[in-house]
Amino acid sequence: MRDGLFTMATDGSARLLGGWCGTCGERHFPSTASCPYCSAEDVTEAPLSPTGTLWSWTAVTAPPPGYGGEVPFGFGVVELPERIRVITRITEADPARLRRGQVMRLEIVPLHRGEDDRPVVTYAFGPDER
Amino acid sequence: MSAADVEIAGVGIHPFGRFDAKSVTEMGVAAVRASMAEAGVGRGGFQAAFCGTAYGGVAAGHKVLDALGMTGMPIFDVEAGCASGAAALILAADAIRAGQHDTALVYGIEKMPRGIIRSSFFEPWREEAGLAATPAYFALRAQRLMHESGVTLDHLAQVVVKNRRHGVENPAAMFRRAVSAEEVLASRVVCEPLRLWMLCSPNEGAAAVVLRRSAGRSGRPVKVVAAVLRSHLPGNVLSEATPMSGRVDDSIPPPTTLAARAAYETAGLGPSDLDVVECQDTDAARELLSYEELGLCPRGDAGKTVEDGATEMDGRLPVNPSGGLLSKGEPLGASALGQVVELTLQLRGDAGPRQVQGARTGLAHTVGRGANASVVLLNR
Ligand SMILES: [Zn+2]
């Protein structure tokens, strides 16, 4: 899909790769060359916490433009301990089964089959079962 | 010179809807001709032209004046998402105020593709991951408004019922049938909590306004007392800029609030001075959010405001007497000027069966991709 969005450790645990600005201290996702808050260039790539809390959510019922995966799928905003909110797919597509403040954990999920029939994966947050 | 020096000499509109047999240029020509006729301005009667469009393509504004054999003056094509038409008007008004021109033509034209809008705004990977789902971002904003302002599903339906009822009387609207709350709630869920009828339809249309330096004519012309554009500040994850991340901070003022504050200050007016409002209702929740962001009601009171009927035709402050985008549909580049056309009719007392009695001061608001918000204040 795109490199640099997330990393996978050998134990299979995933982390989103954020940007951490050395000038203003703000974090953002995905990491960009210039800080989207103060325009400084000393941005360091830094993994974000794999768990957070659900802040807003919905379900997408019709395929959006340019999307070849399945519908419906969950979609929302998860708040991470680094004090940032991240737009993400949600593994639960029934909004009634989600609640505000629910603990969510990052997962890497299949999206669709790409060229050469290779699976394309993406990040998503799902209810933390641990 | 003060902001009161720009007046509206004429307005024209090509109805908003679907017109398969017409080109976007033809619709623009119809609106431009109507506005010029009303203003009593002929060929060569203005010194600059400003065209708002998002999907019109290269030099779309030139094509309209080409068709009329009226080129030669500077023609500016302006893209600012849903605020494109307002951005064009702001440039024209500022140029007149600065003494650059006596008269300027402003028009907005659009022929939107059918279906969910594909925008070059989103990066390819976001599209591939399903994260370019425009209605889903509207839905996330709606959910937050429900959490934070006590807005209910019934309130969302009420906004649609109100605007569709208003739209019945507007010949320029796409949908002219009143609907019931039950029908709205029974329409297909697009993105919870938003039902299909709570979302406006992208469509086609054009609107035009002739602006001129005020010559202190009799008959109290409609004047542009403020015309302001503001963009978003970084940090709000649900702003129309649709960033991938934002800060845990709910105090960041949205672009609508920034534009409204600047416009009120420029005009020396406040929300309590308004008689009529046309505001962005791309979805039902967006209208309620606009009440709060424009200062039409206190924060947290949006649901109550629509419930009390305050924004109905006979309420304290009628909002979207034209039927809003929920009735008219949204041709992006034309929508903001469509609002200005409506307010001009309202302030002149020419709005017929949808007239807001005694309206003298009006506010037009758009906010869209980018994110840009516009606030235009008119008074008579
Ligand atoms: Zn920074």
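In what follows, chains are A, B, ... by sequence order, proteins preceding strands, each numbered from 1.
Put simply, CG on B:L131 and OH on A:Y67 are 9.0 Å apart, with the number rounded to the nearest 0.5 Å. Separation of atoms CG (A:L98) and CD (B:E192) is listed at 11.0 Å; rounding is to 0.5 Å. Between the OG atom of A:S56 and the CZ atom of B:R141 there is a distance of 10.5 Å, given to the nearest 0.5 Å. Note that CD of A:E79 is 13.0 Å distant from CZ of B:R247, once rounded to the nearest 0.5 Å.
When side chains are defined from C-beta on, A:L5 counts as touching B:W125, because their heavy atoms get closer than 4.5 Å. A:W55 is not listed as a side-chain neighbour of B:L140, based on a closest heavy-atom distance of 4.5 Å or more. Under the 4.5 Å side-chain criterion, counting only non-hydrogen atoms from C-beta, B:V248 is not in contact with A:I84.
Proximity to chain A (any heavy atom under 4.5 Å) is restricted, for B:R188, to the side chain, taken from C-beta onward. Heavy-atom distances place the backbone of B:P243, and not its side chain, under 4.5 Å from chain A. Only the side chain of A:L111 comes within contact range of chain B, judged by heavy atoms closer than 4.5 Å. Only the backbone of A:P36 comes within contact range of chain B, judged by heavy atoms closer than 4.5 Å. Residue B:L238 touches chain A through its side chain alone, counting heavy-atom pairs closer than 4.5 Å.
More than 12 heavy atoms of other residues, nucleotides or ligands shown are found within 6.0 angstrom of CD on B:E148. By the neighbour-count criterion of 12 heavy atoms within 6.0 Å, atom CG of A:D3 is sparsely surrounded, having that number or fewer from other residues, nucleotides or ligands. Applying the 6.0 Å contact sphere to CZ of A:R113 captures more than 12 heavy atoms from other residues, nucleotides or ligands.
By the 4.0 Å N-to-carboxylate-O rule, A:R85 lies close enough to B:D250 to be salt-bridged with it.
Of the listed residues B:P193, B:G246, B:A136, the one with more heavy-atom pairs under 4.5 angstrom with chain A than any other is B:G246. With chain A as partner, the option from B:P124, B:P234, B:G130 having the largest number of non-hydrogen pairs under 4.5 angstrom is B:G130.
Using a distance-only test at 3.5 Å, with no hydrogens or angles considered, a donor-acceptor pair links the side chain of B:Q143 to the main chain of A:W57. With A:R89 contributing its side chain and B:A129 its backbone, the two residues share a donor-acceptor pair below 3.5 Å. With hydrogens and angles ignored, the 3.5 Å screen pairs no side-chain donor or acceptor of A:T58 with any backbone N or O of B:A139. Side chain of A:T61 to backbone of B:V190: a donor-acceptor contact under 3.5 angstrom is found.
A pairwise comparison of heavy atoms in A:V120 and B:E128 identifies CG1-OE2, 3.7 Å as the closest pair. Pairing each heavy atom of A:P65 with each of B:E127, the nearest pair is O-CB, 3.7 Å.
Of all residues spanning residues 19-35 of chain A, those with a heavy atom less than 4.5 Å away from chain B's heavy atoms are A:E26, A:H28, A:F29, A:P30, arranged by number.
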